Amino acid sequence: MAGEPAVQRAILNKFNPYKQVAMRLKALQLTGHPVDKVELRIIGGTWSYYPTKYQGWFVAECFRACNKFSTRGQASGSFPRTGLGMLQKQNEKAKSRIVGIAVETRPDYINASEIKLMRKLGITKVELGVQAVDDTILQLNQRGHSVESTVTATRLLKNAGFKVSYQMMPGLYGSNPKKDLAMFKEIFTNPDFKPDYLKIYPLALVKNTKLYNLYKKRKFKPYTKKQLIKLLVEIKKIIPCWVRVERIIRDIPPKDIVEGGSQNLNMREVVAKEMVKQGVACLCVRCREVRMNYNAKEKLKLFRQEYEASGGREIFLSFENKSRTKLYALLRLRITSATAIVRELHVYGQMAQISTGKTGVSSAQHTGLGKKLVAQAEKITKDSGVKKISVIAGVGVRPYFRQLGYKLQNTYMIKSLSPRNAD
Ligand SMILES: [Zn+2]
């Protein structure tokens, strides 16, 4: 599952999803990026807010674009506007397969029927606009949701196998660096939260907002750059090894920002430099992922990290080098009383190999890392007394699991682990 280019598509009505995906794939291909595995990220608002019919059309058009792109140059290049189910089925065999779909939504929009709909569309990851885990701060900023809704959404999504990302916003009205750091500690240690992914969007003060009026009345002051960097360093120091920090800034045009640390577009680098200066490191997944420093001869070790989360047991498996500075593959397994579900399987490194021209040098111990992790997850599941294992596989990953004995059932890839099926 390596080398997926993140294809970000905005859900704005004036944009055509088919054209957007097609153009992006073409651009990626022209710049030498592999386009066989596509991770689709639908951005630009609260996904759940859009009508069901529109959502279905939008996602179907994304699939249609990938399917059509796969056949470019071939005689049989036309795909009719068939239903989503048919387009997904075609995508399983397409050259550009959608291996995952991420959407952004509000915590209070997540419920059983919303989850069912998301699965039907092929969504595998949900970014929750959590912002803060303090009801007073949420109310002061009129976010419209409570901490309780974040707790519930996180549990429902994890139980359904989704990868959960939190969008956090330090510097909100009513907060301060001390409170912000305490909230990050809370989400990393309290089993009610524990997100898999994290986006840190420091508050940016934008003109003509309610907050701007408070700022003009001297009732609110955004963090200084120095304060913000200090806070981000403190946050990065306490990030658990199973969290992937995706971003620490939001795309807001600098001209719209009055004040606040977010103007600094290279915040990640500034924070990284400061950490080097202090002699500390961020242990998050992203900072450990093997990239250009891929070494096919490196000895790998299987690590197993367990933690309680949202009423279940999370088992984070990873192949890393001994010092855990380079991560080559990971798997997230969740076990509750009667179910086991693989929420993520990701193998890194192949893309770096391709771009450095070192293809075909992979050693035996680096091949089949994904399969080894899946076998390990099956063993842990069996040992836990659970007889069935499910995977929330993206549509394009279904053939991979079929080959490992899994069958499609209700949008999940499922394998029975009962003794008579075991080998
Ligand atoms: Zn990191």
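Please read all numbers here as calculations on a predicted model, not as lab measurements. Both ligands and their constituent atoms are indexed starting at 1 by order of listing.
For Lys194 and Tyr307, the positive end is not near the middle of the six-membered ring at less than 6.0 Å and at most 45° from its axis.
No side-chain N or O of Glu148 forms a donor-acceptor pair with one of Ser146 less than 3.5 Å apart. With hydrogens and angles left out, the side-chain atoms of Tyr215 and Thr209 include no donor and acceptor closer than 3.5 Å. With no hydrogens or angles considered, no side-chain donor-acceptor pair links Arg288 and Ser318 at under 3.5 Å.
In this structure, the ring of Tyr328 has its center less than 6.0 angstrom from the ring center of Tyr294.
Each protein N/O/S atom under 2.8 Å from the Zn ion (ligand 1) was counted, for a total of 3.
Take Glu234 and apply the salt bridge (Lys or Arg N to Asp or Glu O under 4.0 Å) test, not counting sequence neighbours, and it matches Lys237.
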